[in-house]
Every structure is written in structure tokens, then in C-alpha cells.
Amino acid sequence: LKIGTNDLMAQGSTEEIADNVATTLDRIQSASPDTRVYLQSVLPRDALLTPAARELNAKLEGVARAQNVTWVDVFPVFLDEDGRSIRDDFANDELHLTGAGYLAWRDALAPYVRESATPTVVTGTPSG
């Protein structure tokens, strides 16, 4: 679940955004209790929004822990060397990823995809 970036742009409070994500996770877990959920950090943005993204990520990590879902922190992968915004080569408008950005995202998520790809064993006789 990658969620929260647009909310930051709409200048929602990080507390409200985190509460909304917790509600979304509650709904997912209620509707599909066997689903393995991964909550991903929001990415850095421009220098003005990156501090709010850091704050939101701290709150989202707490939500992930409280709701027993896997926290996936990709924020550091996308941060420029000054630690102020998203890397220029990963987003040309400080929001939408470039090809290099998508490749970095893919590589950052790959260990989680491999982890979740364990086969499910179903026992019993298929009905039909």
C-alpha cells in the first residue's frame, strides 16, 4: 500500500493522514484477514514537502507496527545526497518518477516481492 503523497500535497495534517491510513488498513484486514499487507513510506518530494514526508513516514511506521503489517521504507533510496529532496535523476518534477526512479523503486521492492512469493499449499478436494 503506497498512500499519502497526494494528501501531503493537499496540506492535510500528518496525524489525519496516518489515521486515514490506519482506517484503510482496518478495512483491508477485516475484508481479507489472510492478505499479507505491506505499507510503503511516502517518497521525498521538494525541499518544502520533504520534512512533512519524514514526519508522515514516522507516523506510518507506527501504524504499520500497531497493525502488524510490514513496513517498507524506500524513502532513503530516493533522497538526494543533501537529504533535502527527491533525487533529480529519479523525478524531473519532484513528484512523478522517471525511468531510473521506477527501476530504483522496483529494486527496493524486489526483496519483499520475493518474500511474499512463497507458494500457498491448499489441501482438500476441489469442489466442482
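Everything numeric in this text was worked out from a predicted model, so none of it was measured.
- Following chains of ILVMFWY side-chain contacts shorter than 4.5 Å, one can reach Tyr102 starting from Val77, so the two form part of one hydrophobic cluster.
- Remark: the Asn92 side chain and the Thr98 side chain contain no N/O donor-acceptor pair separated by less than 3.5 Å.
- Of the possible polar contacts, one joining the Thr24 side chain to the Asn20 backbone as a donor-acceptor pair under 3.5 Å is found.
- Residues Trp71 and Phe75 do not share a hydrophobic cluster, defined by chaining ILVMFWY side chains whose heavy atoms lie under 4.5 Å apart.
- In plain terms, the two heavy atoms of Ala18 and Leu56 that are nearest each other are N-CD1, 4.2 Å.
- Note on Leu8: it does not cluster hydrophobically with Leu43, by side-chain heavy-atom contacts below 4.5 Å among ILVMFWY residues.
- What you find for Glu94 and Ile86 is that their closest heavy atoms are CA-CG2, 3.7 Å.
- Residues Leu1 and Val63 are members of one and the same hydrophobic cluster, defined by side-chain heavy-atom contacts under 4.5 angstrom among Ile, Leu, Val, Met, Phe, Trp and Tyr.
- Note: Asp93 CG to Arg45 CZ = 8.0 Å, rounded to the nearest 0.5 Å.
- The distance from the CD atom of Glu55 to the CD atom of Glu15 is 8.5 Å, given to the nearest 0.5 Å.
- Inspection of the Asp73 and Ser41 side chains reveals an N or O donor paired with an N or O acceptor under 3.5 Å.
- Within the model, atoms CD of Gln40 and OG1 of Thr5 stand 8.5 Å from one another, a figure rounded to the nearest 0.5 Å.
- The hydrophobic clustering, which links ILVMFWY residues whose side-chain heavy atoms are closer than 4.5 Å, places Tyr38 and Val69 apart.
- Considering all non-hydrogen atoms of both residues, Ala91 and Leu95 come closest at CB-N, 3.9 Å.
- At distances below 3.5 Å, at least one donor-acceptor pair connects side-chain atoms of Asn57 with backbone N or O atoms of Val42.
- The CZ atom of Arg114 sits 10.5 Å away from atom CG of Leu109, with the distance rounded to the nearest 0.5 Å.
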(Q) side chain to side chain contact (heavy atoms under 4.5 Å, CB included), that's the test. Do Trp105 and Leu97 meet it? Break it down for me. (A) CA-CA 9 Å; Trp105 189 21; Leu97 296 179; 3.7 Å; yes
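- Dense packing is recorded around CG of Asp107, with more than 12 heavy atoms of other residues, nucleotides or ligands lying under 6.0 Å away.
- Classification of Asp82 and Arg84 as a salt-bridged pair fails, no side-chain N sitting under 4.0 Å from a carboxylate O.
- Heavy atoms only, all atoms of each residue included: Phe78 and Gly101 are closest at CE2-O, 3.5 Å.
- At least one donor-acceptor pair closer than 3.5 Å links the side chain of Gln29 to the backbone N or O of Gln67.
- The line from CD1 of Ile17 to CD1 of Ile3 is 9.5 Å long, rounded to the nearest 0.5 Å.
- Summarising the geometry of Asp46 relative to Leu49, their closest heavy-atom pair is OD1-N, 2.9 Å, with the distance given to 0.1 Å.
- Looking only at side-chain heavy atoms (C-beta outward), Leu60 and Val21 come within less than 4.5 Å of each other.
- Here the straight-line distance linking atom OG1 of Thr14 with atom NZ of Lys59 works out to 4.0 Å at 0.5 Å rounding.
- Nearest heavy-atom pair, Ala47 versus Ser85, reported as atom, atom and distance to 0.1 Å: N-CB, 3.8 Å.
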